[in-house]
Amino acid sequence: MKTKKSFVVGTSMFQVIGGWTIWFMAIVLAIYIGSVVFSNFTGNSFEMSVPSFMEEGSETSIAALLGDSGRIFFLVCGILSMGPFLQYFVSMGVTRKAYFKGNVMSVFLLAVTFTGLTAILYGIEHFIFGNFTNSFEQMALYFLKLALDIIVFYLVGWFIAAGFHSMNLYRGVGFILIAIVVIFIHSGLWGEDLPLAIFNIISVESYSAVIIVLLNVIIIGALVYSIRQLTKNMTVKA
Amino acid sequence: MYNVIQFEDVSLQLKNKQILKNISLSLETNKIYGLLGRNGAGKTSLLSLLASFAQATSGRVAIDGVSVFENENLMENIIFIRDIKLDESEKVWKYIKQTAAFRPNFDEDYAKALMQRFRLPEDVAVSSLSRGMMSAMHVVIGLASRCAITIFDEAYLGMDAPARVKFYEEVLNDYMEHPRTIILSTHLISEMESMFEGVIIIDQGEIVINEDLDTFTSRGVSVTGPIEEVDAFTIGKTVLKEQVLGNTKQAMVYGQLSEEEKQRANGLQLAQITLQELFIHLTKEES
């Protein structure tokens with residue numbers, strides 16, 4: 001039976017970006033271990049910013065560091081998942097639709113893998129040091145948020161790149177502005193500190209987590225829909 | 001596999017520039033075509049539309065009546081090979097082999113044989129290949145994919161003359177064994193002329209010629225003989241080029257000769273004109 005092209009695209013994109021991800025995680029882990037050793041040596045401790053549902057003053061962990069830096073990493077991956085990949089796949093006779101489906105499949109796989117690996121690393125850290133203040137429920141919600149963060153940031157990167165690719169420079173900048181608003185809303189939903197007070201009206205503290213996740217799914221759906229509209233007839237440079 | 005490739009009143013506009021103008025073109029399948037045109041004439045744009053790299057601004061490209069753009073079954077059977085530099089860290093053989101996942105007729109053994117023929121190294125990074133080797137890699141992918149419609153857009157520019165000869169031989173041999181539509185876009189007209197069965201000439205976004213090679217080259221004649229006789233014979237005809245050596249003159253004349261004219265040329269040597277001369281004539285700029 002013929003393998004679906006979108007599946008081939010998805011697995012190959014997952015392999016490539018997954019490879020980058022392993023490198024990224026290894027580097028972050030090395031930095032984290034280095035900084036822990038250093039802070040033990042100097043006696044200084046440091047705190048990470050955490051979402052509002054976590055305990056204030058939570059001690060840092062590998063999960064917090066990977067969660068923070070991973071968002072930017074996947075934003076960049078999302079940007080890179082556009083031009084060179086689309087050009088490669090179209091020149092291999094793959095439709096834009098199959099590329100789109102494959103990339104969406106890849107982002108979900110990446111989010112699950114990244115979150116899973118981060119949870120395992122956190123578990124190991126917890127097992128060795130066992131001094132974390134957050135409950136199991138809080139951490140479960142943290143990892144759910146992490147997976148959604150990865151998906152949203154990756155899609156936002158892809159969205160910006162698609163905007164630049166299909167429009168001119170000025171309109172491309174407009175896509176960055178839309179992306180910033182999307183990220184504000186997403187972060188606001190999860191109760192992160194934002195520079196704009198209006199987003200404090202929506203946060204995980206005032207609504208149940210289920211509603212927040214549902215709103216997040218709507219954001220993801222809107223991004224996915226917009227990206228498909230932008231890429232479905234996109235010209236590829238010969 | 002397919003019967004006819006059709007460009008149906010196709011136009012392409014990029015920003016404010018009209019690249020292709022109302023092109024209607026019908027190509028038979030299982031034939032080798034030469035696509036000729038000056039720089040900027042629209043060759044690559046025309047081929048981009050056939051390969052679904054871009055969508056026509058108006059009109060459509062269709063195979064057996066089915067639009068090519070975003071058609072999964074058609075797109076996997078069309079390959080568009082260009083002479084581009086790839087910044088790819090993957091090893092050459094692995095990169096070539098990846099193609100198999102996307103091209104249903106990809107022949108791995110043939111790809112290996114071609115790599116040996118072009119002396120293409122397997123285990124070096126694609127990005128480290130020299131220009132000639134990069135061209136060879138593209139050509140290997142193009143031939144081994146055995147797509148029903150195979151397009152080479154100046155893909156052999158980086159190759160040296162011996163490598164190009166190998167390429168021409170491989171195209172012809174593999175075409176004999178696995179007939180398919182091959183479109184060769186080129187500036188190396190005299191070198192490749194003998195391969196073409198059909199000739200398409202595009203100029204300033206419009207198709208000027210789409211004919212069999214023999215029909216097309218019979219549009220011009222070279223006349224050789226004593227100067228006075230040649231001059232007398234060519235009066236009133238479009239002379240593309242003249243050369244004089246001592247008392248002998250060679251004139252290239254555009255337009256077919258009637259039987260009567262051929263008889264009148266008794267004593268003069270008549271020969272077929274080269275494709276290159278005809279091409280230059282048809283695409284020269286109006287002064």
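Reminder, nothing fancy here: chain letters follow the sequence lines and each chain counts from 1.
Annotation: residues 78-90 of chain B contacts chain A through B:Phe80, B:Arg82 [non-hydrogen atoms, separation under 4.5 Å].
Counting non-hydrogen atoms of neighbouring residues, nucleotides and ligands closer than 6.0 angstrom, the NZ atom of B:Lys166 exceeds 12 such neighbours. Other residues, nucleotides and ligands contribute more than 12 heavy atoms inside 6.0 Å of the CZ atom of B:Arg131.
Across B:Arg103 and A:Met92, no two heavy atoms sit closer than the pair NH2-C, 3.1 Å. Of all heavy-atom pairs spanning B:Asn71 and A:Thr95, the tightest one is C-CG2, 4.0 Å. Closest heavy-atom contact between B:Gln98 and A:Tyr88: OE1-OH, 3.5 Å. A pairwise comparison of heavy atoms in B:Glu70 and A:Lys97 identifies OE1-N, 3.1 Å as the closest pair.
Only the side chain of B:Ser48 comes within less than 4.5 Å of a heavy atom in chain A; its backbone stays farther off. Heavy atoms of A:Ala98 lying under 4.5 Å from chain B are absent altogether.
Note: A:Ser91 OG to B:His138 NE2 = 9.5 Å, rounded to the nearest 0.5 Å. Interatomic distance, CZ of A:Arg96 versus CZ of B:Phe69, reported as 4.0 Å (0.5 Å rounding). One distance of note links NZ of A:Lys237 with CZ of B:Phe53; it measures 11.0 Å at 0.5 Å rounding. Taking NZ from A:Lys4 and CD from B:Glu72, the interatomic distance works out to 6.5 Å, rounded to the nearest 0.5 Å.
Here A:Asn233 is the residue among A:Thr235, A:Leu86, A:Val8, A:Asn233 with the most heavy-atom pairs under 4.5 Å with chain B.
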